[in-house]
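Ligands are counted one by one from 1 in listed order, and the atoms in each one are counted from 1 as well.
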Amino acid sequence: MENNANIQEYLNRAREIVEERSKKADRPLTFCVNTFGCQMNARDSEKLRGMLLEAGYEPSDSEASDFVLYNTCTVRENANNKVYGRLGYLHGLKRRNPNMKIALCGCMMQEDTVVEKIKSSYSFVDLIFGTFNIYKFPELLVSVLESDSMIIDIWKEHKDIVEDIPTKRKYPFKSGVNIMYGCNNFCTYCIVPYVRGRERSREPKDIIRECEALVKDGAIEIMLLGQNVNSYGNTFQHKVSFASLLNDVASISGLRRLRFMTSHPKDLSTELMDVMADHSNICPHMHLPLQSGSDRMLAAMNRHYNKKRYLMLVDQLRQRIPDISITTDIIVGFPSETEEDFLETMDVVEKVRYDSAFTFLYSKRTGTPAASMEEQVAENIAKERFNRLLERVQKIGSEQSLRFVGTKQSVLIEDTNKQDKNLVTGRMMNNSVVHFPASSDLIGKEAEVKILESKGFYYIGEMV
Ligand code: SAH
Ligand code: SF4
Ligand code: F3S
């Protein structure tokens, strides 16, 4: 609670400064938060937006703002490159606006080499902080507003889990809820455990309280978030399983839709599948990252399951939840991957027939065990495999999508269609996207929609 008192005090101080500068400039000061990476970052950005609003800034979509914050991702090399690319552009904007402050946070900032590079080549950046001290943002904001030199505050680990940070949800009708932070799995290719720290679960009562408040506030859909939700509660003395947490959240009266991300196959229990089957408000969707179909690769990746066990899990899911959509992540070109290993991945793709799959070219992350493995796969070979895989997952995904054509589905309307203003865009329970004619007044509401046609990645429908 002491932390929250501090948060408020600093926000009040920031508000005074922002008001004063806005008077001087004779216009409101604006902020823009740009988010890279996964749902965890998206959720953190909602907290950062909430704090910036309370500090008196007005929201803007344009980076020509007075406070620009990039919440960065470093899971693959190209995520980093995007940020460096955009910083040059921000520098140009800053030259024209004396009020402008540029701040960087998120996973990339937890890497020493990145911070060094920004200090030496991007010295116009005003603030750098990391993933463990987001709740300190109001204090850092005040310091930045009162100073002209670069402020850097990076911690190496979590200290406390701070509850009740002011938050501005991107969508009023849906929200992510963190159930745990960090990751203990150390898949050998992955940088997340190094930049997000050790796994820590939030207390069930705090999670339930947050979810109940969201439902009361009109949220229709909640997504429980963690790098490996299936190991939720492992760090508590009194063990609580993810299945029992999911059961409790699903039982909150008035909650229409409940999702979760991400499930690691090594910890997926039949108890969890039973809870999914028992509650009609739990979305029939399982994102179950495969990474590779080869037992040799899976062992080298430190994934703790093999092809046979993975396929068994898929069977068990389909037995309990017949129409479930199964999606996945796959990495191509992990060190020493052979054609034979790759064909094992293709075999799983053929057997599971995913509704959709995110496919990634292996990206070497400094400091991870895989980065120093010998036999890195040549880029042209990895790319050729990647293209073969992509073609198959897209073909299978579009074939799979046909099973819903002609059915009636409940769709949560999320937005107007970007290309055609007469259409709205929403999601079915299984997370598939549907476009159909309706008024934008219906955004945030559920509609019964007949699915008329599949376009491969999305559907066309009509309200019934
Ligand atoms: N915690 C989640 C994944 C988080 S990262 C899980 O375990 O499923 C999201 C995806 O990025 C991973 O599933 C993996 O497929 C991909 N990924 C992670 N590190 C990568 C790397 N070094 N190169 C390529 N893809 C990577
Ligand atoms: Fe990375 Fe593996 Fe943790 Fe997922 S489970 S975040 S892939 S280390
Ligand atoms: Fe990226 Fe960090 Fe998420 S590295 S994928 S934003 S946890």
Query raised in the report: Taking the non-hydrogen atoms of Met108, is any one of them nearer than 4.0 angstrom to ligand 3?
Result: no
Ligand 1 versus [X], non-hydrogen atoms closer than 4.0 Å: side chain, backbone, both, neither?
| X | result |
| --- | --- |
| Lys364 | neither |
| Ser363 | both |
| Arg365 | side chain |
| Phe360 | side chain |
| Lys266 | neither |
| Leu361 | backbone |

**Report entry** Selected option - heavy-atom contact closest to atom 1 (N) of ligand 1, from Met301, His264, Gln227
**Finding:** Gln227
Query raised in the report: At a non-hydrogen distance cut-off of under 4.0 Å, which region of Cys38 contacts ligand 3 (side chain, backbone, both, or neither)?
Result: both
Query - Flag for Thr425-His435: side-chain donor and acceptor within less than 3.5 Å - result: yes
**Report entry** Any donor-acceptor N or O pair under 3.5 Å, side chains Asn71, Thr35
**Finding:** no
Report task. State if Val75 counts as touching ligand 1 under the rule of any non-hydrogen atom under 4.0 Å. Result -> yes
Query raised in the report: Contact between Asn228 and ligand 1, counting heavy atoms under 4.0 Å?
Result: no
Note the single closest protein heavy atom to [atom], along with its residue, its atom name and the distance in Å.
| atom | answer |
| --- | --- |
| atom 3 (Fe) of ligand 2 | Cys183 SG, 2.3 Å |
| atom 7 (S) of ligand 2 | Tyr189 OH, 3.4 Å |
| atom 8 (S) of ligand 2 | Cys187 N, 3.3 Å |
| atom 5 (S) of ligand 2 | Asn185 ND2, 3.5 Å |
| atom 1 (Fe) of ligand 2 | Cys190 SG, 2.3 Å |

Query raised in the report: Could you walk me through whether Asp347 and Lys307 pass the salt bridge (charged side-chain N to carboxylate O under 4.0 Å, His left out) check?
Result: CA-CA 10 Å; Asp347 188 47; Lys307 177 180 172 184; 2.6 Å; yes
**Report entry** N/O separation below 3.5 Å, Tyr189 to ligand 1
**Finding:** yes
Query raised in the report: If you measure every N/O of Thr262 against every N/O of ligand 1, is any gap under 3.5 Å?
Result: no
Query raised in the report: Run the salt bridge (charged side-chain N to carboxylate O under 4.0 Å, His left out) check on Glu46 and Arg49 step by step: do they pass?
Result: CA-CA 5 Å; Glu46 293 189 337; Arg49 276 197 195 93; 5.7 Å; no
Query raised in the report: For ligand 2, which atoms sit closer than 4.0 Å to a heavy atom of Arg303?
Result: 2 (Fe), 7 (S)
Query raised in the report: Run the salt bridge (charged side-chain N to carboxylate O under 4.0 Å, His left out) check on Lys383 and Glu379 step by step: do they pass?
Result: CA-CA 6 Å; Lys383 274 207 175 129; Glu379 199 180 316; 3.0 Å; yes
**Report entry** Numbered atoms and elements of ligand 3 in range of Asn41, under 4.0 angstrom, heavy atoms
**Finding:** 6 (S)
Query raised in the report: With distance as the sole test, does Asn430 use its side chain to make a donor-acceptor pair with the main-chain N or O of Ser432 at under 3.5 Å?
Result: yes
**Report entry** Aromatic plane relationship, Phe173 with Tyr171 - under 30° parallel, 30 to 60° tilted, over 60° perpendicular
**Finding:** tilted
